[in-house]
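Here's the structure we're looking at; comments come further down.
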Amino acid sequence: MIIYHGSYEEIVKPDILHSRINVDFGRGFYVTPLLEQAQKWCKKFEGKGKRAFVSVYTLDERAFEEYKVLKFESYSEEWLDFVLTCRRGEDISDYDIVMGGVANDKVFNTVELFFDGLIDKKEAIRRLQYEKPNFQMAFRSQEVIERYLHFERSEQL
């Protein structure tokens, strides 16, 4: 499987230790199988005057069989609970790989309204069901990265 990572630099050797903690699926190295999505991630770097790179990797899908995986098929109550737990820095789960929708700007606004207590969970889920999820994978185990993720090349945008 070919997957992509958008950044302000080429990432030849991904390292979860340099990732942020309070993001959608917790600390990890984030990728997507959608090239356009990785390119969009790069727009925020270009907007700050930085260079933008899409790094391309091959993922050996045996990782999904050998490690603990959590996959969200859609925006759901379970997805919302997990994202909020991770964004609060309270995630104690031991998943090696987490996959599912991205909390992009529109989705993030709904999540923030719920997080701030301005809408209830039922309303948040109702709003999210109309959003087409993008897709991200978070590798939360350095071992998975080292064994199954192989750098191919990078492209500067």
Side-chain angles (χ1 to χ4, degrees), residues 1-76 78-80 82-89 91 93-112 115 127-157:
M1 164 186 275
I2 301 297
I3 54 178
Y4 309 94
H5 176 82
S7 182
Y8 58 89
E9 63 185 352
E10 175 183 73
I11 309 292
V12 176
K13 293 187 179 258
D15 181 349
I16 63 172
L17 296 177
H18 292 96
S19 63
R20 296 180 319 198
I21 298 170
N22 301 345
V23 290
D24 291 356
F25 298 151
R27 176 173 284 200
F29 183 67
Y30 284 73
V31 297
T32 179
L34 307 171
L35 176 58
E36 289 179 18
Q37 185 176 319
Q39 292 168 334
K40 284 181 185 177
W41 285 341
C42 288
K43 296 295 181 195
K44 65 182 175 184
F45 302 116
E46 289 178 328
K48 295 178 182 179
K50 295 183 178 183
R51 297 182 302 170
F53 291 88
V54 172
S55 295
V56 182
Y57 306 88
T58 302
L59 173 66
D60 182 336
E61 293 182 56
R62 288 180 293 180
F64 301 140
E65 300 164 10
E66 297 180 21
Y67 288 90
K68 190 169 182 183
V69 176
L70 175 62
K71 183 174 183 180
F72 297 100
E73 298 292 340
S74 63
Y75 295 127
S76 62
E78 293 78 19
W79 175 88
L80 182 59
F82 191 80
V83 167
L84 290 176
T85 298
C86 290
R87 286 184 172 243
R88 288 180 180 139
D91 176 45
S93 67
D94 62 347
Y95 294 105
D96 299 299
I97 304 168
V98 180
M99 301 184 282
V102 176
N104 62 21
D105 291 342
K106 225 172 157 187
V107 171
F108 184 72
N109 289 339
T110 299
V111 170
E112 283 296 300
F115 194 74
R127 291 181 184 197
L128 291 172
Q129 73 182 352
Y130 297 107
E131 297 298 326
K132 178 184 176 282
N134 281 317
F135 192 79
Q136 65 186 350
M137 288 184 245
F139 294 100
R140 299 170 18 141
S141 161
Q142 190 66 36
E143 183 179 316
V144 173
I145 291 169
E146 291 171 7
R147 288 184 68 198
Y148 293 103
L149 193 63
H150 308 286
F151 177 82
E152 297 293 332
R153 67 187 180 284
S154 66
E155 301 166 4
Q156 185 172 356
L157 303 181

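Quick caveat: nothing in here was measured; it's all calculated off a predicted structure. These numbers come from the heavy atoms of this one structure, side chains and all, not from hydrogens, waters or symmetry mates.
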Verdict with reasoning, Y8 to R51, per side-chain contact (heavy atoms from CB on, under 4.5 Å):
CA-CA 5 Å; Y8 58 89; R51 297 182 302 170; 5.8 Å; no
Close side-chain approach of [X] and [Y], heavy atoms under 4.5 Å:
{"X": "I2", "Y": "T58", "answer": "yes"}
{"X": "Q37", "Y": "Y4", "answer": "no"}
{"X": "I3", "Y": "F139", "answer": "yes"}

With rounding to the nearest 0.5 angstrom, report the [atom1] to [atom2] distance, [X] to [Y].
{"X": "C86", "Y": "D24", "atom1": "SG", "atom2": "CG", "value": "8.0 Å"}
{"X": "M99", "Y": "F64", "atom1": "CE", "atom2": "CZ", "value": "4.5 Å"}
{"X": "D91", "Y": "R140", "atom1": "CG", "atom2": "CZ", "value": "4.5 Å"}
{"X": "S55", "Y": "E9", "atom1": "OG", "atom2": "CD", "value": "8.5 Å"}
{"X": "N22", "Y": "T85", "atom1": "CG", "atom2": "OG1", "value": "11.5 Å"}
{"X": "E143", "Y": "Y148", "atom1": "CD", "atom2": "OH", "value": "8.5 Å"}

Specify the closest pair of heavy atoms between [X] and [Y], including all atoms of both residues, with the distance to one decimal.
{"X": "Y30", "Y": "H5", "value": "O-ND1, 2.6 Å"}
{"X": "F29", "Y": "I11", "value": "CE1-CG2, 3.9 Å"}
{"X": "C42", "Y": "A52", "value": "CB-CB, 3.6 Å"}
{"X": "D15", "Y": "L17", "value": "OD1-N, 2.8 Å"}

Sub-3.5 Å donor-acceptor pair from the side chain of [X] to the main-chain atoms of [Y], do we have one?
{"X": "Q142", "Y": "I16", "answer": "yes"}
{"X": "D96", "Y": "K68", "answer": "yes"}
{"X": "W79", "Y": "G100", "answer": "no"}
{"X": "Y75", "Y": "V102", "answer": "yes"}

Counting only heavy atoms not in R20, do more than 12 fall under 6.0 Å of its CZ?
no
Residue Q156 excluded, over 12 heavy atoms near CD under 6.0 Å:
yes
Which label fits F72 and F25: parallel for a plane angle under 30°, tilted from 30 to 60°, or perpendicular past 60°?
parallel
Can you tell which of V31, T32, L149 makes a side-chain contact (heavy atoms from CB on, under 4.5 Å) with M137?
V31
